Colleague: 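Take a look at this one; I'll ask things after.
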Amino acid sequence: MAWDVLAGTNTVRVLGVEVQNLPSLLGSEVGLIRPDDTVGLIKFHNTYFVVGRIEGAGVQQRAFGVQSQRVAAAVSTASSTFAALSGGPSVDVHIGSSRRCRVEIGGHISAFGGVAYMGFKVSGASSINPTNSKALGCGGSSATIQIEVTVDATRVINLSADDGLVEGLNTFTVMYQALLDPGGSTEFTDREISVQPF
């Protein structure tokens with residue numbers, strides 16, 4: 001079985017015969033269908049309709065396709081380039097043929113004498129490096145007065161094929177960066193990432 005969400009095309013094997021472009025009653029769940037999934041069909045007159053995936057017991061459900069992980073432990077960094085820190089967090093997500101997903105990162109960030117960034121990288125089928133433009137940031141800097149800035153926040157980023165997102169199994173890992181004055185410091189707690197293909 002093959003399914004291309006963006007093109008609106010599919011190939012489904014029905015009684016051993018490959019049938020092209022069956023209509024679907026799935027709505028937004030179409031984006032969660034993967035190659036080789038087993039789907040349920042109904043037949044009305046001479047037309048088959050796809051009504052949903054069939055999954056046995058013991059198979060991880062893909063309802064809404066959301067994968068998330070939260071880590072409460074505090075970590076800090078002084079790295080001026082994005083780096084992984086203990087505990088991630090990190091999630092493995094299957095990206096479908098739409099090659100789109102919604103990434104949500106959040107946490108409690110504290111920066112003293114500089115700016116702290118919490119971003120993410122994508123590895124596996126895709127290779128997307130973290131950037132400040134797709135990160136959660138906190139802080140400030142002054143040549144004469146060092147200040148501490150603290151924030152509890154969430155940032156949502158939509159990724160697509162234009163960003164380099166590729167169909168297949170992808171790992172989304174939170175990464176950290178600090179742009180500090182001498183004596184500056186950072187702390188990250190209650191770190192969380194959620195990824196939802198659509």
Side-chain angles (χ1 to χ4, degrees), residues 1-71 82 84 87-106 119-131 133-136 154-175 191-198:
M1 170 168 174
W3 205 290
D4 188 323
V5 175
L6 293 182
T9 60
N10 61 66
T11 302
V12 179
R13 188 172 295 112
V14 181
L15 301 174
V17 176
E18 290 191 353
V19 181
Q20 304 292 318
N21 304 323
L22 293 180
S24 171
L25 304 178
L26 293 174
S28 61
E29 191 184 352
V30 166
L32 299 178
I33 293 179
R34 301 176 185 171
D36 299 321
D37 275 352
T38 300
V39 296
L41 301 173
I42 60 171
K43 185 177 181 182
F44 181 72
H45 294 294
N46 292 323
T47 304
Y48 286 99
F49 295 86
V50 177
V51 294
R53 296 184 321 274
I54 298 172
E55 295 177 343
V59 175
Q60 182 182 13
Q61 296 300 302
R62 283 181 254 162
F64 305 114
V66 178
Q67 296 291 331
S68 65
Q69 184 182 32
R70 179 180 169 273
V71 178
F82 277 101
S90 178
V91 292
D92 294 327
V93 179
H94 185 277
I95 298 298
S97 59
S98 67
R99 297 176 65 185
R100 297 182 301 219
C101 73
R102 177 180 184 267
V103 180
E104 184 176 305
I105 54 174
F120 63 92
K121 73 173 181 178
V122 187
S123 58
S126 308
S127 181
I128 301 173
N129 291 318
T131 63
S133 63
K134 290 184 174 75
L136 184 59
T154 300
R155 173 101 192 260
V156 176
I157 299 99
N158 290 318
L159 290 182
S160 69
D162 292 340
D163 299 299
L165 195 61
V166 175
E167 183 176 0
L169 187 63
N170 288 269
T171 300
F172 294 75
T173 304
V174 176
M175 305 286 281
R191 304 164 280 147
E192 187 168 15
I193 185 167
S194 297
V195 180
Q196 179 179 20
F198 63 93

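Keep in mind that what you see is a predicted model, and the values were worked out from it rather than measured.
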Colleague: Do F172 and I95 have side chains that approach each other closer than 4.5 Å (heavy atoms only, starting at C-beta)?
Modeller: yes
Colleague: If every non-hydrogen atom of T173 is compared with every non-hydrogen atom of S90, which pair is closest and at what distance?
Modeller: OG1-OG, 3.1 Å
Colleague: At their closest point, which heavy atom of A125 faces which heavy atom of E167, and how far apart are they?
Modeller: CB-O, 3.6 Å
Colleague: Just by modelled atom types, is the F198 backbone N or O under 3.5 Å from a matching donor or acceptor in the S98 side chain?
Modeller: yes
Colleague: What are the two closest heavy atoms between P130 and K121, and how far apart are they?
Modeller: CD-CB, 3.7 Å
Colleague: Checking the side chain of S126 only, and the main-chain atoms of V166 only, is there a donor and an acceptor separated by less than 3.5 Å?
Modeller: yes
Colleague: Is any side-chain heavy atom of V156 less than 4.5 Å from a side-chain heavy atom of R102?
Modeller: yes
Colleague: After noting the C-alpha distance and the side-chain angles of R191 and V174, does the key distance pass the side-chain contact (heavy atoms from CB on, under 4.5 Å) rule?
Modeller: CA-CA 8 Å; R191 304 164 280 147; V174 176; 5.5 Å; no
Colleague: Could you measure the distance from the CD atom of Q196 to the CG atom of N158? Nearest 0.5 Å is fine.
Modeller: 10.0 Å
Colleague: How close do R155 and A135 get, counting heavy atoms only, and between which atoms?
Modeller: NH1-O, 2.6 Å
Colleague: So, do F120 and V195 sit near enough that their side-chain heavy atoms are less than 4.5 Å apart?
Modeller: no
Colleague: Does some side-chain heavy atom of K134 sit less than 4.5 Å from a side-chain heavy atom of L159?
Modeller: yes
Colleague: Once rounded to the nearest 0.5 Å, what's the spacing between atom CE of M175 and atom CG of N129?
Modeller: 8.0 Å
Colleague: Would you name the heavy atoms of G168 and N170 that are closest together and state the gap between them?
Modeller: O-ND2, 2.9 Å
Colleague: Kindly compute the distance separating CD1 (I105) from OG (S68), expressed to the nearest 0.5 Å.
Modeller: 14.0 Å
Colleague: Please evaluate residues C101 and L165 with respect to the criterion side-chain contact (heavy atoms from CB on, under 4.5 Å), reporting the C-alpha separation (whole Å), side-chain torsions for both, the decisive distance (0.1 Å), and the verdict.
Modeller: CA-CA 9 Å; C101 73; L165 195 61; 3.8 Å; yes
Colleague: Looking only at non-hydrogen atoms, find the nearest pair between L136 and G106 and report the distance.
Modeller: CD2-CA, 4.1 Å
